[in-house]
Amino acid sequence: MSTSRLHGKKVLIVDDDADVRDVIVDALRLAPREYEVETACDGLDAGMKLERFGPEVVILDVNMPGMDGLEMCELIRRDRKSTRLNSSH
């Protein structure tokens, strides 16, 4: 699953574990507020989606292969001042 078309804040979920991504997407769907959700499986995928999707919130796994979550977080902070970051382990 890549994008859920809902009206509300844009949320990018970045985690290399598909089950974790699915649980977070499901939790957001059950929330009283609607969200537009995009998922990414690693830092490289997330970097491409940041520009295209323009999330307001990023839920980011710290332990990922390739570009890890800490590197991704630094990139987001440097380039996207308006994006809010949350990390998961």
Side-chain angles (χ1 to χ4, degrees):
M1 173 200 176
S2 186
T3 303
S4 298
R5 296 285 179 201
L6 301 174
H7 300 80
K9 283 200 183 252
K10 291 182 173 184
V11 179
L12 176 62
I13 301 165
V14 186
D15 199 301
D16 59 320
D17 185 328
D19 292 334
V20 172
R21 289 192 310 266
D22 291 344
V23 166
I24 297 169
V25 168
D26 290 345
L28 290 173
R29 283 191 177 150
L30 293 173
R33 180 178 184 165
E34 293 184 341
Y35 296 94
E36 185 174 347
V37 179
E38 179 84 19
T39 62
C41 61
D42 58 32
L44 181 61
D45 188 24
M48 292 186 289
K49 291 181 178 180
L50 279 169
E51 288 303 314
R52 181 177 49 81
F53 183 60
E56 298 161 280
V57 176
V58 176
I59 300 173
L60 180 63
D61 180 11
V62 175
N63 299 311
M64 294 185 294
M67 180 187 295
D68 68 29
L70 296 175
E71 292 171 307
M72 188 76 234
C73 184
E74 191 58 39
L75 179 77
I76 294 168
R77 284 189 177 152
R78 185 180 64 231
D79 296 341
R80 300 189 50 84
K81 304 285 187 212
S82 64
T83 301
R84 182 173 167 211
L85 295 165
N86 293 311
S87 65
S88 62
H89 300 260

Visitor: Using side-chain heavy atoms (C-beta onward) and a distance below 4.5 Å, is D15 in contact with R21?
Guide: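 Touching, per the 4.5 Å side-chain cut-off.
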Visitor: Ignoring hydrogens and angles, tell me if any N or O in the side chain of E74 forms a donor-acceptor pair with the backbone of E71 under 3.5 Å.
Guide: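 Here the side-chain-to-backbone pair does not exist.
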Visitor: Just how far is it from atom CE of M64 to atom CE of M72, taken to the nearest 0.5 Å?
Guide: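 Answer for the CE-CE pair, M64 versus M72, is 7.5 Å.
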Visitor: May I ask you to test the V58-L50 pair for a side-chain heavy-atom distance under 4.5 Å?
Guide: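 V58 reaches L50 side chain to side chain.
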Visitor: Within the structure provided, determine whether L28 and I13 are in side-chain contact (heavy-atom separation under 4.5 Å).
Guide: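 Of all side-chain heavy-atom pairs linking I13 with L28, at least one is under 4.5 Å.
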Visitor: For Y35 and V11, work out which heavy atoms get closest and say how close.
Guide: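 Result for this residue pair: CD2-CG2, 3.7 Å.
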Visitor: With sequence neighbours left out, what residues match D45 under side-chain contact (heavy atoms from CB on, under 4.5 Å)?
Guide: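 Testing D45 for side-chain contact (heavy atoms from CB on, under 4.5 Å), a comparison that skips the adjacent residues, returns A40, C41, D42, M48, K49.
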Visitor: Report yes if the side chains of D61 and D17 come closer than 4.5 Å at any heavy-atom pair, otherwise no.
Guide: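 No - every pair of side-chain heavy atoms lies 4.5 Å or more apart.
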Visitor: Is any side-chain heavy atom of L70 closer than 4.5 Å to a side-chain heavy atom of V62?
Guide: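 Side chain of L70 against side chain of V62, heavy atoms only: contact under 4.5 Å found.
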Visitor: If we ignore hydrogens and angles and just use 3.5 Å, is the side chain of K9 paired with the main-chain N or O of E56 as donor and acceptor?
Guide: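 Side chain of K9 to backbone of E56, a donor-acceptor pair under 3.5 Å: no, none is there.
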Visitor: So, taking the atom named OG1 in T39 and the one named CG in L12, what distance separates them when rounded to the nearest 0.5 Å?
Guide: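 T39 atom OG1 to L12 atom CG measures 8.0 Å (nearest 0.5 Å).
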